[in-house]
Amino acid sequence: VICTPVISQHSIDLNAGDEFMILASDGVWEFISSQAAVDIVGQHLKLRNCATRACQALIEAAAARWHEEEGEYRDDITAIVVRFPELLTTIATTSGNR
């Protein structure tokens with residue numbers, strides 16, 4: 001744990017295929033690669049499931065991997081999935097109400 005956050009900035013480009021963002025604790029990333037996480041979340045979102053269900057699938061996959069590797073012990077597993085089209089629509093709608 002460090003007291004100075006690591007900050008990076010990226011532009012969202014919906015035309016380039018940017019669809020969602022995964023924010024997760026190290027318990028997710030310990031045994032799941034970035035690509036595997038994107039595949040899990042993307043698969044659920046393509047099935048028209050909500051971001052909550054996609055996030056739940058990622059958490060369950062991480063928990064299963066922890067169980068395979070560490071038995072009953074596991075680190076904190078926390079995740080948030082943000083869908084960009086919905087986020088941008090919400091921002092535009094909220095900004096128009098001011």
Side-chain angles (χ1 to χ4, degrees):
V1 177
I2 59 173
C3 63
T4 306
V6 175
I7 299 171
S8 59
Q9 184 174 340
H10 303 276
S11 297
I12 298 169
D13 186 352
L14 298 178
N15 295 323
D18 294 339
E19 298 176 29
F20 58 88
M21 172 176 51
I22 302 169
L23 303 169
S25 66
D26 62 334
V28 171
W29 307 119
E30 183 73 25
F31 300 113
I32 295 184
S33 68
S34 295
Q35 186 60 56
V38 167
D39 292 344
I40 292 165
V41 170
Q43 176 185 12
H44 280 80
L45 294 179
K46 284 182 182 168
L47 294 173
R48 299 208 180 264
N49 285 337
C50 66
T52 301
R53 288 191 182 137
C55 189
Q56 184 64 36
L58 178 60
I59 290 168
E60 289 172 2
R65 299 272 177 89
W66 269 95
H67 187 71
E68 290 171 11
E69 298 291 329
E70 301 289 337
E72 294 303 312
Y73 173 79
R74 75 176 192 198
D75 198 357
D76 172 61
I77 299 174
T78 304
I80 298 170
V81 172
V82 178
R83 297 183 73 176
F84 292 138
E86 286 81 0
L87 175 65
L88 297 175
T89 299
T90 300
I91 291 170
T93 302
T94 304
S95 297
N97 291 334
R98 292 182 180 179

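The basis for the numbers below is simple: all heavy atoms, side chains too, and nothing from hydrogens, waters or symmetry mates. Just so you know, residue 1 is the first one in the sequence shown, and it goes up from there.
For Phe20 against Val41, the heavy-atom pair with the smallest separation is CE1-CG1, 3.6 Å. Leu58 and Ala79 get closest at one heavy-atom pair: CD2-CB, 4.2 Å. Ile40 approaches His44 most closely through the heavy-atom pair O-ND1, 3.1 Å. Considering all non-hydrogen atoms of both residues, Pro85 and Glu19 come closest at CD-O, 3.5 Å. Closest non-hydrogen pair, Ala37 versus Ile32, comes out as N-CG2, 3.7 Å.
Residues Ile22 and Trp29 have side chains in contact (heavy-atom distance under 4.5 Å, counting atoms from C-beta outward). The shortest distance between side-chain heavy atoms of Arg83 and Leu45 falls below 4.5 Å. Residues Thr52 and Gln56 fail the side-chain proximity criterion, which asks for heavy atoms closer than 4.5 Å.
Annotation for Arg53: atom CZ does not count as buried by contact number, only 12 or fewer foreign heavy atoms lying within 6.0 Å.
Between the side chains of Asp39 and Gln43, no donor N or O sits under 3.5 Å from an acceptor N or O.
In this structure, Leu87 is a member of the same hydrophobic cluster as Leu23, with clusters built from ILVMFWY side-chain heavy atoms closer than 4.5 Å. A single hydrophobic cluster is seen to contain both Met21 and Ile80, as judged by linkage of ILVMFWY side chains at heavy-atom distances under 4.5 Å, directly or through other members. Note on Ile91: it clusters hydrophobically with Leu14, by side-chain heavy-atom contacts below 4.5 Å among ILVMFWY residues.
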Before giving the answer on side-chain contact (heavy atoms from CB on, under 4.5 Å), spell out for Glu30 and Asp75 the whole-Å C-alpha distance, their side-chain angles and the decisive distance to 0.1 Å. CA-CA 9 Å; Glu30 183 73 25; Asp75 198 357; 5.6 Å; no
Could you walk me through whether Glu72 and His67 pass side-chain contact (heavy atoms from CB on, under 4.5 Å), step by step? CA-CA 6 Å; Glu72 294 303 312; His67 187 71; 3.1 Å; yes
Show your reasoning for whether side-chain contact (heavy atoms from CB on, under 4.5 Å) applies to Phe31 and Glu70. CA-CA 11 Å; Phe31 300 113; Glu70 301 289 337; 4.0 Å; yes
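Counting only distance, with no hydrogens or angles, the side chain of Ser25 and the backbone of Thr78 share a donor-acceptor pair below 3.5 Å. Side-chain atoms of Asp76 do not come within 3.5 Å of backbone N or O of Gly27 as any donor-acceptor pair.
Note that CG of Asp18 and CZ of Phe84 are 6.0 Å apart. Values are rounded to the nearest 0.5 Å.
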